[in-house]
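This report refers to the structure that appears directly beneath it.
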Amino acid sequence: MITLSEAVLDELKRLRGRTERTFRIEPGCSCCHSPTLELILDEPEDDDVTTEVSGFTFCIRKRMLDQLGNVRIEADHAEGYRIFSERSLSSFLKNGRLCAS
């Protein structure tokens, strides 16, 4: 399950019309920090779970969603947003780097 905070939803509504593409949730860079999740614009693939939340479409690899559990996107004044998962991202670490495969 993917949920959005009201602040993130308000920002997406403000940006509506600039893109009609799907937001993908995927591992981000973990070079200097703890593993993170990030949003990118992308098209769904065969092995994705696609979810509509308040009129916005999100996709995530099924295997990843199964391992992460619920995902919540919240506003972060320093970074714009942060993505939290029910379970740890550590299962995606390989050689100290995040890997979505």
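- Atom CD1 of I60 sits about 6.5 Å away from atom CG of L37, to the nearest 0.5 Å.
- Annotation: the span from E52 atom CD to T22 atom OG1 amounts to 10.0 Å, rounded to 0.5 Å.
- Within the 4.5 Å cutoff, the side chain of I40 has no heavy atoms near those of the F23 side chain.
- Annotation: the span from I25 atom CD1 to C59 atom SG amounts to 8.0 Å, rounded to 0.5 Å.
- For the pair E86 (side chain) and N70 (backbone), a donor-acceptor distance under 3.5 Å is present.
- The line from CZ of F56 to OG1 of T51 is 14.5 Å long, rounded to the nearest 0.5 Å.
- Using a 4.5 Å cut-off on side-chain heavy atoms (C-beta onward), R61 and R24 make contact.
- You'll find the side chain of F58 reaches within 4.5 Å of the side chain of V53, heavy atoms only.
- Under a 4.0 Å N-O distance rule, the pair R14/D10 does not qualify as a salt bridge.
- Between Q67 and S85 there is no side-chain heavy-atom pair separated by less than 4.5 Å.
- Within the 4.5 Å cutoff, the side chain of I83 has heavy atoms near those of the L39 side chain.
- The line from CZ of R63 to CG of D48 is 13.0 Å long, rounded to the nearest 0.5 Å.
- In this structure, CD on E11 lies 13.0 Å from CD1 on I73, to the nearest 0.5 angstrom.
- Between A7 and A75, the shortest heavy-atom distance links the atoms CB-CB, 3.5 Å.
- Looking at Y81, its side chain never comes within 3.5 Å of a backbone N or O of E38 through a donor-acceptor pair.
- With R87 contributing its side chain and D66 its backbone, the two residues share a donor-acceptor pair below 3.5 Å.
- The pair E74-R72 counts as a salt bridge, with a side-chain nitrogen and a carboxylate oxygen less than 4.0 angstrom apart.
- For P44 against T50, the heavy-atom pair with the smallest separation is CB-OG1, 3.7 Å.
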